[in-house]
A.B. asks: 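One structure follows; several queries about it will come next.
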Amino acid sequence: MTNKIKAAMSIQGVYQIDIAEALNTTQGNVSRIINLGDKIRICDLKEIVSAIGGTVNVSIVLPNGTKL
C-alpha cells in the first residue's frame, strides 16, 4: 500500500507536509501512517488519499466469487 500512496502523491505533486497540513497533523505522523504498508487502517487510508485528491473504494469478495 505504501508504494501506491507514494505513487498517488507523486502523480498529484503532493508532499507529506501538504497532507499533514490538510489533516491538521504533523509530517512525522503522516510518514508513520504511510509507512505502515498493508497494516494501515482503512479510515487513515481514506483520509490520506482524500488529502491527495483521490478516493478509496473497498469491496468484499467471498470465496464463491460473490462481490458485495
Side-chain angles (χ1 to χ4, degrees):
M1 191 58 59
T2 299
N3 291 338
K4 290 183 180 183
I5 294 170
K6 289 180 179 180
M9 291 170 59
S10 178
I11 290 167
Q12 291 296 101
V14 175
Y15 297 93
Q16 288 182 1
I17 191 66
D18 302 318
I19 296 170
E21 289 174 0
L23 300 180
N24 197 29
T25 190
T26 66
Q27 179 273 328
N29 194 39
V30 170
S31 176
R32 181 187 62 77
I33 293 168
I34 289 172
N35 288 307
L36 287 172
D38 290 340
K39 295 182 181 185
I40 191 170
R41 296 183 315 172
I42 293 173
C43 60
D44 292 333
L45 176 63
K46 288 174 109 176
E47 284 185 346
I48 287 173
V49 172
S50 178
I52 295 170
T55 59
V56 173
N57 297 307
V58 178
S59 62
I60 298 171
V61 181
L62 301 176
N64 67 2
T66 302
K67 296 179 182 180
L68 305 172

A.B. asks: Supply the atom-to-atom distance Ile33 CD1 to Ile48 CD1, rounded to the nearest 0.5 angstrom.
C.D. replies: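 The CD1 atom of Ile33 sits 5.0 Å away from the CD1 atom of Ile48.
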
A.B. asks: Pairs of donor and acceptor atoms involving the side chains of residues 37-46, under 3.5 Å and at least two apart or interchain, shall be tabulated with distances.
C.D. replies:
unit_1: Asp38; atom_1: OD1; unit_2: Met1; atom_2: N; d: 3.3
unit_1: Arg41; atom_1: NE; unit_2: Asp44; atom_2: OD2; d: 3.0
unit_1: Arg41; atom_1: NH2; unit_2: Asp44; atom_2: OD1; d: 3.2
unit_1: Arg41; atom_1: NH2; unit_2: Asp44; atom_2: OD2; d: 3.3

A.B. asks: Residues in side-chain contact (heavy atoms from CB on, under 4.5 Å) with Ser10, at least two apart?
C.D. replies: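 Checked Ser10 against side-chain contact (heavy atoms from CB on, under 4.5 Å); zero matches.
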
A.B. asks: For Glu47, which residues count as a side chain to side chain donor-acceptor pair (under 3.5 Å) partner, sequence neighbours excluded?
C.D. replies: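 Counting only residues at least two positions away or on another chain, Glu47 forms no side chain to side chain donor-acceptor pair (under 3.5 Å).
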
A.B. asks: Starting from Ile17, walk the hydrophobic network (Ile, Leu, Val, Met, Phe, Trp, Tyr; side-chain heavy atoms closer than 4.5 Å) and list everyone else you reach, by chain and number.
C.D. replies: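 Same cluster as Ile17: Tyr15.
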
A.B. asks: Please determine whether residues Ile11 and Ile52 belong to a single hydrophobic cluster, defined as Ile, Leu, Val, Met, Phe, Trp and Tyr linked transitively by side-chain heavy-atom distances below 4.5 Å.
C.D. replies: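 No; tracing contacts between hydrophobic side chains, which count when under 4.5 Å, never links both residues.
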
A.B. asks: Please list all pairs passing the salt bridge (Lys or Arg N to Asp or Glu O under 4.0 Å) test where one or both residues lie in residues 15-34, with sequence neighbours left out.
C.D. replies: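 Non-adjacent pairs meeting salt bridge (Lys or Arg N to Asp or Glu O under 4.0 Å): zero.
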
A.B. asks: Clusters formed by hydrophobic residues whose side-chain heavy atoms approach within less than 4.5 Å: which one holds Ile60, and what are its other members?
C.D. replies: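 Noted: Ile60 shares its cluster with Leu62, Leu68.
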
A.B. asks: Can you name the side-chain contact (heavy atoms from CB on, under 4.5 Å) partners of Thr25, sequence neighbours left out?
C.D. replies: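 Once residues adjacent in sequence are excluded, the partners of Thr25 under the side-chain contact (heavy atoms from CB on, under 4.5 Å) criterion are Ala20, Leu23, Asn29, Val30.
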
A.B. asks: For the residue pair Ile5 and Gln16, establish whether any side-chain heavy-atom pair is separated by less than 4.5 Å.
C.D. replies: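 Contact flag for Ile5/Gln16 side chains = no.
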
A.B. asks: Among pairs that include at least one residue of residues 52-61, which meet side chain to side chain donor-acceptor pair (under 3.5 Å), considering only residues two or more places apart or in two chains?
C.D. replies: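 Qualifying pairs: none.
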
A.B. asks: Can you list the residues that meet the side chain to side chain donor-acceptor pair (under 3.5 Å) rule with Gln12, with sequence neighbours excluded?
C.D. replies: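 If we apply the side chain to side chain donor-acceptor pair (under 3.5 Å) test to Gln12, skipping adjacent residues, there are no hits.
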
A.B. asks: Once side chain to side chain donor-acceptor pair (under 3.5 Å) is applied, do any residues pair with Asn64, and if so which ones, sequence neighbours excluded?
C.D. replies: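 Applying side chain to side chain donor-acceptor pair (under 3.5 Å) to Asn64 gives Thr66.
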
A.B. asks: For Ser50, check side chain to side chain donor-acceptor pair (under 3.5 Å) against everything at least two apart and list the hits.
C.D. replies: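 Listed in chain order: nothing, the list is empty.
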
